[in-house]
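Worksheet: one structure, shown below.
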Amino acid sequence: MNPLALLKSRFQPSLAALVPDQARVGELLEMIRPAQDAKFGDYQANFAMPLKKDLGQPPQEIARKILAATDLGDVCQPPEVAGPGFINLRLRDDWLTDKLNQAVHDDRLGIPPAMAPRTFVIDYSSPNVAKPMHVGHIRSTVIGDALCRTLRFLGHRVISDNHLGDWGTQFGMIIYGYKHFVDRAAYQAAPVAELSRLYKLVHQLVDFHESHRAMPQVQERFARRAAELDQLQSQLRTGGKAVDKKLSQSLTKLGQQLHEDREELAALQAKTAAIAADTQLAALAAKHPNIDQAVLAETAKLHADDPENLRLWHEFLPNCRDEIARVYRRLDVRFDYEHGESFYHDRLAAVVEDLRNKGLAQDSQGAVCVFVDGFETPMIVQKKDGAFLYSTTDLATIQYRMETWRPDAILYVVDHRQSEHFDKLFAVARRWGHANVELQHIKFGTVMGSDGKPYKTREGVAAGLESLLDEAVARAAQVVAENDPEATLSESERRDVAEVVGVGGLKFADLLHNRTSDYEFSYEKMLLKSGYSATYAQYTYARCASIFRKAGVERDVLLASAARIGLTHPAERALGLQLIRLSEALAETSADYMPNHLTAYLFDLAKSYSTFFESCPVLKAETEDLRASRLLLCDLTARTIRLGLELLGIKVVAKM
RNA sequence: GCACCCAUAGCUCAAUUGGAUAGAGCAUCGGUCUUCGGAACCGAAGGUUGCAGGUUCGAGUCCUGCUGGGUGUACCA
């Protein structure tokens, strides 16, 4: 039951009768919302104030008039008009009790499946299969998975599709590495490890030469800017006191740029020096001076169906996929499809051809481009050397998805830096004929370190996803051990708990932030025992489970009995209200594709339970009825938390 | 240069998309308890929402300007 939706439906006819412009009714109904403060009741309706102009009456009077025409008696206590015209609504306890008793006897906890199910394709995670997954893949994977689970639970048809990077330059690197550096014995014994070593080795060598080549340019730029700065400073001296604002601005800017150049130079030097210091690597680098071009050539041969490279690609790919599959298993993330870039390879030429035929694409500076109003640069769909780009693949992907699944919406869970690409992609796709589909870029911010820069390891590389998981679980294991000095849990139970708490903590810490913001990565915060964390919610679940163990009551027996939830204490009512609001949290989460609404809900629920737990004895309740009622509240709380966490991809344990 | 995003308590973040006195967590300080799981609970303190204007019944949210940060920007993904 969604109380908010019910209230809206009750106000709908009375508002429609009063407001001349029917188009505004929906927007006015949106102004009914949960009360900002509990002292204003449970819900508040704010539509009377904006109607002042339309109706030429005082808002308080409008509010009273609407209330008189609205049938609320069975749901709410008599409403109050307050302040400038707010309508304060408080649910009747008997109504609330009724809904709670329905929910506790329902497997779906009172949430009906969507009346108008939609078909969603959700594109998320999408790593390069040749590289180990790193911290940058957390958000896409975790947010995408949570959205899939939530929309699916709400009754929608959801197709999850992992758009793997399995056709790019990374494979050129592996192929080149295999042809020149493979250790056959190592490859036989452990292909994934050997391929990974080859990828890293080739990447290092390419990097070395590129850095080496870039250095003079950076040095030159540095010198130019230094000279410019000199000139400006002398201008400043001769110009006397009249310091132009523009001049001083460009001074500071130049100073910053010089600083950046210096840092970049230092980084390049460090990189090349590290390789030069390693005699083996230095020898290899000297032996392969044009490795970067050679890698591109191998990639091009692969795309041109060169039999040898294609054979190697077919041989390597399953190994690479096994590697990332391991991470997904640990994260408990599954995909319906994993159609990588290679899947669309043979559709690309036809896409460009079709764009041309429809007059959307044209030649420009040797490339094939689609120019779109409102964008400074065109979308390039074919390079002048004939190669296709990821724009081309993305268009082919939209076409394929539309043909195959006819979705109502396609969601791309991709970081915000690609906003412009998606704006352009969607604009082209619509003109291309895919106008009747909701195309959404579900953008998210960057995971930062405590230095305010993108999160890196101590060595300065993007932190590997598996090592992050290992660290989170290791820290969780330490907490588990500290909290179980009497060793009531077995070794294997402890390991399981640590995994659930560690991985859950990592996911929850990501999901609790508004996805559009950057956030600071912190093991301490993600494993907080109290506070806004997965652990706190999981602990609440374990406490509920513990009460049932101690009571010796089977949940099924209790539910089959005549026991009913009743609300006698303010803490019970607060908990009951929170329980009934699950549907609102799910509606918010799915409306704007923001899982942080659900994490906030679960935290509030856990908090309400703790307060209830503190002030309302369950097993020692004064009467049998009260005891049964409170046990039912515990059960509903436990199941609500379990469901909510499950929709976020997070597990619970009965003992921790 | 142009475009987009951000700036909220000491720190990390919210704010139901324009609603009442801007909320949480952490840290700090104080309190509760012969523990139905203390991985707990209750309370206090903490704010000119970067600055200056504007729009209206009402602005953290919308508009203009400024300051300070970030990101993207014709053939990488």
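Within every chain, numbering begins at 1; the chains are lettered A, B, ... in the order of the sequence lines, protein sequences first and strands thereafter.
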Check every strand shown and say whether A:Ser610 touches a base, only sugar-phosphate, or nothing at a heavy-atom separation below 4.0 Å. sugar-phosphate
Given that A:Tyr536 and A:Glu30 both sit by RNA chain B, which one's nearest nucleotide is further toward the 5' end? A:Glu30
What's A:Leu528 touching, base or sugar-phosphate or nothing? Going by heavy atoms closer than 4.0 Å. sugar-phosphate
B:U73 - base-pair partner by Watson-Crick or wobble geometry, distances under 3.5 Å: B:G1
Checking all strands, does A:Met379 fall into the base, sugar-phosphate, or nothing category for heavy-atom contacts under 4.0 angstrom? nothing
OP1 or OP2 of B:G19 less than 4.0 angstrom from a side-chain nitrogen or oxygen of A:Asn46, does that happen here? no
Any strand, both distances under 3.5 Å, Watson-Crick or G-U wobble: B:C41 pairs with B:G31
Which nucleotide in the list B:C36, B:A39, B:A20 gets nearest to the side chain of A:Gln44? B:A20
It should be established whether A:Lys525 places a side-chain nitrogen or oxygen under 4.0 Å from OP1 or OP2 of nucleotide B:C26. no
When you measure from the side chain of A:Ser517, which nucleotide among B:U73, B:A15, B:C13 comes out closest? B:C13
Kindly point out which of B:A14, B:G37, B:C36 is positioned nearest to the side chain of A:Asn514? B:A14
Mind checking if A:Ala82 touches a base, just sugar-phosphate, or nothing, with heavy atoms under 4.0 Å? base
Show me the protein contacts with nucleotides 57-59 of chain B, counting only N or O atoms at under 3.5 Å.
none

NA contact type, A:Gln418, heavy-atom cut-off 4.0 Å: base, sugar-phosphate, or nothing? base
Which part of the nucleic acid, if any, lies within contact of A:Thr446, taking any heavy atom under 4.0 Å across all strands shown: a base, the sugar-phosphate backbone alone, or nothing? nothing
Within the 4.0 Å heavy-atom criterion, would you say A:Asp415 contacts the bases, only the backbone, or no part of the nucleic acid? nothing
Other residues, nucleotides and ligands only: do more than 12 of their heavy atoms fall within 6.0 Å of CD on A:Glu524? yes
Residues, nucleotides or ligands: over 12 heavy atoms within 6.0 Å of A:Gln57 CD: yes
Under 4.5 Å between any side-chain heavy atoms of A:Ile143 and A:Leu511, yes or no? yes
Send over the distance from A:Arg139 CZ to B:C13 C1', rounded to a whole Å. 12 Å
Which nucleotide in the set B:C36, B:A24, B:A14 lies at the smallest distance from any side-chain heavy atom of A:His513? B:A14
Can you find a donor-acceptor pair, distance only, under 3.5 Å between A:Asp37 side chain and B:A22 base? no
Quick check for you: among B:A20, B:A15, B:U17, whose closest atom lies nearest to any side-chain atom of A:Arg33? B:U17
Need one value for A:Phe40: base, sugar-phosphate or nothing, where a base atom within 4.0 Å counts as base even if backbone is also close, heavy atoms only. base
Which part of the nucleic acid, if any, lies within contact of A:Arg549, taking any heavy atom under 4.0 Å across all strands shown: a base, the sugar-phosphate backbone alone, or nothing? base
Partner lookup for B:G18, please. Criteria are Watson-Crick or G-U wobble with both distances under 3.5 angstrom; report none if nothing qualifies. none
Under 6.0 Å between ring centres, would you say that holds for A:Tyr609 and A:Phe612? yes
note: A:Glu520, atom CD; B:G25, atom P; distance rounded to Å ~ 19 Å
Just checking A:Lys655: base, sugar-phosphate only, or nothing, at a heavy-atom cut-off of under 4.0 Å? base
By nearest atom, which of the nucleotides B:A15, B:A74, B:C41 is closest to the A:Pro378 side chain? B:A74
Taking any heavy-atom pair under 4.0 Å as a contact, classify A:Ala387: base, sugar-phosphate, or nothing. nothing
Between A:Val480 and A:Met594, name the one whose nearest nucleotide on RNA chain B is closer to the 5' end. A:Met594
Tell me what A:Lys443 touches on the nucleic acid: a base, only sugar-phosphate, or nothing, going by heavy atoms under 4.0 Å. nothing
How long is the line joining CG of A:Asp394 and C1' of B:C76, in whole Å? 13 Å
Spacing between A:Gln36 atom CD and B:A24 atom P, to the nearest angstrom: 11 Å
Syn versus anti for B:U17, judged by chi lying within 90° of 0? syn
Taking only Lys NZ, Arg NE, NH1 and NH2, and the carboxylate oxygens of Asp or Glu, determine whether A:Asp484 and A:Arg494 approach each other closer than 4.0 Å. yes
Is A:Ala585 touching bases, backbone alone, or none of the nucleic acid, heavy atoms closer than 4.0 Å? nothing
Could you give the CG-to-P distance, from A:Asp166 to B:A77, as a whole number of Å? 13 Å
Is any side-chain heavy atom of A:Lys550 closer than 4.5 Å to a side-chain heavy atom of A:Leu619? yes
Quick check for you: among B:G25, B:G19, B:U71, whose closest atom lies nearest to any side-chain atom of A:Arg417? B:U71
Ion pair present between A:Lys651 and A:Glu499, side-chain N to carboxylate O less than 4.0 angstrom? no
Euclidean distance, atom CG of residue A:Asp207 to atom P of B:C76 [Å, nearest integer]: 18 Å
Opposite nucleotide pairing with B:U61, Watson-Crick or G-U, both atom distances under 3.5 Å: none
Return the nearest nucleotide to the side chain of A:Val479; candidates are B:U73, B:C36, B:A39. B:A39
Row check, A:Phe613 ring normal vs A:Arg543 NZ/CZ: under 6.0 Å, within 45°: yes
Closest listed nucleotide, where the reference is the side chain of A:Arg543 and the choices are B:G72, B:U16, B:G38: B:G38
Pair assignment for B:A24, Watson-Crick or G-U wobble, requiring both distances under 3.5 Å: B:U12
Counting C-beta onward and ignoring hydrogens, is there a side-chain heavy-atom pair between A:Asp394 and A:His163 closer than 4.5 Å? yes
Planes under 30° and centres closer than 5.5 Å, is that true for A:Phe86 with the base of B:A20? yes
Less than 3.5 Å between a donor and an acceptor, one on the side chain of A:Tyr390 and one on the base of B:A77, is that the case here? yes
Check every atom of B:U16, B:C26, B:G25 against the side chain of A:Tyr532 and return the nucleotide holding the closest atom. B:G25
Can we call the ring centroids of A:Phe86 and A:Phe40 under 6.0 Å apart? no
What about A:Ser364, does its side chain sit under 3.5 Å from the base of B:A74 through a donor-acceptor pair? yes
Base-pairing mate for B:C66 - Watson-Crick or G-U, with both contacts under 3.5 Å: B:G50
Against A:Asp510, only a single residue in A:Arg139, A:Arg515, A:Lys525 fulfils salt bridge (charged side-chain N to carboxylate O under 4.0 Å, His left out); can you say which? A:Arg139
